[in-house]
Number of protein chains: 2
Amino acid sequence: MKSTPIPAVQEIIARCRMAGLRRTKALEQLVMTLLEIGRPMTLSELAASNRLTDQCDKATVFRLLQRLVDHAVVRRLGLHERAAYFTLLMPGKHSDYLICTSCGSIEAITAACPVHQLEEEIRVKTGFRQLYHELEFFGVCPKCA
Amino acid sequence: MKSTPIPAVQEIIARCRMAGLRRTKALEQLVMTLLEIGRPMTLSELAASNRLTDQCDKATVFRLLQRLVDHAVVRRLGLHERAAYFTLLMPGKHSDYLICTSCGSIEAITAACPVHQLEEEIRVKTGFRQLYHELEFFGVCPKCA
DNA sequence: GTAATTGCAAATACTTTGCCACGTA
DNA sequence: TACGTGGCAAAGTATTTGCAATTAC
């Protein structure tokens, strides 16, 4: 599941470059971190990660994430915590999440997402553009129960 | 769709009373407001609503919502904005939402939710307790496009 | 060289708590 | 009366912006 991250990093950065972003240290480190950890992360987590600490300011990470969201390289998720979560947007991949309301653990769900048909219906019926969805399951995990 | 709210208000307050809450002005006004508006609202919206303005402090609304969430009368939703949203939890009813990322409008989706089977599978496979889900569709509404 | 990007510091936004007064049961 | 609840003010946490310095192209 966890293939060598380097090619993926290069591919994502290539997408950024085509979107007009510059190849900066912060960009590389941010993408590597998100790929390596493999789950949505908060701004604080990202800025505090050992790759980024002392390498760039939280404001920098914030603005970088903002640009990446604008260019659909990253998606901002709600996930219920007070802080927003960010995850890499991989073309053709979609994740739903299972979240423990007690310990806050976040797990991506691999099962096929049953929502695509409804999403298509909504697209047609409502005329919404750039439609996507977020599906989260909340509950108390076995450890916490 | 919008039946006389009074009976529903009484019913919800009865549930609160059974949970040990006192029947206060703030509780009544809060429940009436949420019922009347009929969509998730933020703490600020609630505290600023004409029913509650000058009637009680934002901190009061905050703590009241907290109690209502604890007693499963209200649910706190993410919905992607910086502020949390709150909605009445009606037994047997479930809503998914369609949200415009441009103007922020929120609309409940009436179509049957296609997620229940997956939810059941997850409950069995993972052993999570008190499982529920949140499904949101995001996009740009026709007005904003 | 030029425009994008960064760091630092300060400003916002929203939430949460302390403490004492008040009202419901 | 007693304990849940309310108001006010202050603190906490997360986000967002201004501006001058720096860096990628």
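As the structure is a computational prediction, the values presented were derived from the model and not from experiment. By convention in this document, chain letters (A, B, ...) are assigned in the order of the sequence lines, proteins followed by strands, and residues within each chain are numbered from 1.
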(request) Apply salt bridge (Lys or Arg N to Asp or Glu O under 4.0 Å) to B:Arg123 and B:Glu120, showing your working. (result) CA-CA 5 Å; B:Arg123 191 195 316 279; B:Glu120 194 50 37; 3.2 Å; yes
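- Closest of all the heavy-atom pairs between A:Leu135 and A:Pro114 is CD2-CD, 4.5 Å.
- Taking atom CD1 of residue A:Ile13 and atom P of nucleotide D:dC25, one finds them 11 Å apart after rounding to whole Å.
- When the P atom of C:dC14 is taken as reference, atom CE of B:Met41 falls 14 Å away, rounded to whole Å.
- Rounded to whole Å, atom P of D:dG4 lies 10 Å from atom CZ of B:Arg67.
- Rounded to a whole Å, the CG atom of A:Asp70 is 14 Å from the C1' atom of C:dA4.
- Taking every heavy atom of both residues into account, B:Phe62 and B:Leu43 meet most closely at N-CD1, 3.6 Å.
- Checked against D:dG7, D:dG6, C:dT16, the side chain of B:Arg63 finds its nearest nucleotide in D:dG7.
- Among the nucleotides D:dG7, C:dA25, C:dT6, the one closest to the side chain of B:Arg23 is C:dA25.
- Rounded to whole Å, atom P of D:dG4 lies 16 Å from atom CG of B:Leu68.
- Between the axis at the start and the axis at the end of the helix from C:dG1-D:dC25 to C:dA25-D:dT1 there is an angle of 40°, using five pairs per end and rounding to 10 degrees.
- As a whole-Å value, the separation of B:Leu64 CG from C:dT24 P is 14 Å.
- Aromatic ring orientation, B:His116 versus B:His133: perpendicular (interplanar angle above 60°, classes split at 30° and 60°).
- Distances were taken from every side-chain heavy atom of A:Arg22 (C-beta onward) to each of D:dC8, C:dA3, C:dG7; the shortest belongs to C:dA3.
- When distances run from any side-chain atom of B:Ala26 to the nucleotides C:dA25, D:dT15, D:dG6, the shortest one goes to D:dG6.
- Pairing each heavy atom of B:Gly78 with each of B:Glu134, the nearest pair is N-OE1, 3.5 Å.
- For A:Arg82, whose side chain is taken as the heavy atoms from C-beta onward, the closest listed nucleotide among D:dT13, D:dT15, D:dC25 is D:dT13.
- Atom OH of B:Tyr85 is separated from atom P of C:dA13 by 15 Å (rounded to the nearest Å).
- Nearest nucleotide to the side chain of B:Thr60, out of D:dG6, C:dT6, D:dT15: D:dG6.
- The listed nucleotides are C:dC8, D:dA24, D:dT15; the one nearest the side chain of A:Asp57 is C:dC8.
- Spacing between atom CD of B:Gln29 and atom P of C:dG23 amounts to 16 Å, rounded to whole angstrom units.
- Note on B:Leu43: only backbone sugar-phosphate atoms sit closer than 4.0 angstrom, heavy atoms only; bases stay farther off.
- At least one side-chain nitrogen or oxygen of B:Thr24 sits closer than 4.0 Å to the OP1 or OP2 atom of D:dG6.
- Toward the 5' end of DNA chain C, the nearer of the two residues B:Arg76 and A:Leu21, judged by each one's closest nucleotide, is A:Leu21.
- Along DNA chain C, the nucleotide nearest B:Gln66 and the nucleotide nearest A:Leu27 are compared for position; the residue whose nucleotide lies closer to the 5' end is A:Leu27.
- Looking at every heavy atom in both residues, A:Cys16 comes nearest to A:Leu68 through SG-CD2, 3.6 Å.
- When every heavy atom of B:Phe128 is checked against every heavy atom of A:Ile99, the shortest pair comes out as CE2-O, 3.8 Å.
- Picking from C:dT17, D:dT17, C:dT15 the nucleotide with the shortest atom distance to the side chain of B:Ala59 gives C:dT17.
- Judged by the 6.0 Å and 45° rule, A:Arg75 forms no cation-pi pair with B:Phe138.
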